[in-house]
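Have a look at the structure below, then the notes.
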Amino acid sequence: MTDTPVRIGPSNAKDAALALLLLPLLTALPLIAFWLGGAIADAAGSDTGGDVLYGALSAVVIGYGVPVTAVLRSHRRGYELLPLAAGVAPFMLPVLLCLGVFR
């Protein structure tokens, strides 16, 4: 009797659903971090342009740190599409802006 291969991990439907949910959330994350970081720095009284710098730094750290963490954690748990969506998400906003989607 031969053994049939069995997939251990989440189902394909769950993997695809989570990937489709995560892609727009991680794409918008740098904008949200930039806005919140700038608002926090502005509320603290930074009037020399530090609010923009703080917002930009927080957007970079959060915008790339969270997707990398999602890629590593979801890949270890057996997901296939979720790490791909998380890896592509940081580059979706620049691509959409370059294509002129938000005119």
Side-chain angles (χ1 to χ4, degrees):
M1 180 175 198
T2 61
D3 293 333
T4 57
V6 177
R7 180 174 181 209
I8 299 174
S11 66
N12 287 333
K14 181 181 177 184
D15 189 17
L18 285 175
L20 287 175
L21 282 173
L22 189 69
L23 186 61
L25 291 175
L26 287 179
T27 301
L29 191 63
L31 286 177
I32 294 167
F34 178 76
W35 179 74
L36 284 176
I40 290 170
D42 191 38
S46 173
D47 55 351
T48 60
D51 51 348
V52 174
L53 178 65
Y54 186 74
L57 289 176
S58 61
V60 168
V61 169
I62 292 173
Y64 289 112
V66 172
V68 167
T69 306
V71 166
L72 295 175
R73 291 187 60 122
S74 60
H75 181 67
R76 288 182 191 154
R77 292 191 178 169
Y79 288 96
E80 294 174 0
L81 296 174
L82 189 57
L84 178 67
V88 170
F91 306 104
M92 288 300 295
L93 185 63
V95 166
L96 291 174
L97 290 174
C98 288
L99 291 175
V101 174
F102 298 116
R103 284 189 187 177

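Values below: all heavy atoms of this structure, side chains included; hydrogens, waters and symmetry mates excluded.
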Should Ile32 and Leu36 be marked as a side-chain contact (heavy atoms from CB on, under 4.5 Å) after you check the CA-CA gap, both sets of side-chain angles, and the distance that decides it? CA-CA 6 Å; Ile32 294 167; Leu36 284 176; 4.0 Å; yes

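- From Leu84, atom CG reaches atom CG of Leu22 across 11.0 Å, with rounding to the nearest 0.5 Å.
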Which donor-acceptor pairs under 3.5 Å do side chains of residues 57-74 form with protein atoms, sequence neighbours excluded?
unit_1	atom_1	unit_2	atom_2	d
Ser58	OG	Ala33	O	3.2
Ser58	OG	Tyr54	O	3.1
Ser58	OG	Gly55	O	2.9
Thr69	OG1	Gly65	O	2.8
Ser74	OG	Ala70	O	2.6
Ser74	OG	Val71	O	3.4

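- Once rounded to the nearest 0.5 Å, the distance linking CG of Leu18 with CG of Leu23 reads 12.5 Å.
- Atom CG of Leu93 and atom CG of Leu26 lie 12.0 Å apart (nearest 0.5 Å).
- Closest approach of Phe34 and Ala56 over heavy atoms only: CD1-N, 3.5 Å.
- Annotation for Ala19 and Ala85: closest pair O-CB, 3.7 Å, computed over non-hydrogen atoms.
- Every residue meeting the side-chain contact (heavy atoms from CB on, under 4.5 Å) condition with Leu96, not counting sequence neighbours, appears here in chain and number order: Val101, Phe102.
- Linking Ile, Leu, Val, Met, Phe, Trp and Tyr whenever their side-chain heavy atoms come within less than 4.5 Å leaves Val88 and Leu21 in two separate clusters.
- One finds the CZ atom of Arg77 at 10.5 Å from the CG atom of Leu82 (value rounded to the nearest 0.5 Å).
- Glu80 and Asp15 make their closest contact through N-OD2, 2.9 Å (heavy atoms, listed as atom of the first residue, atom of the second, distance).
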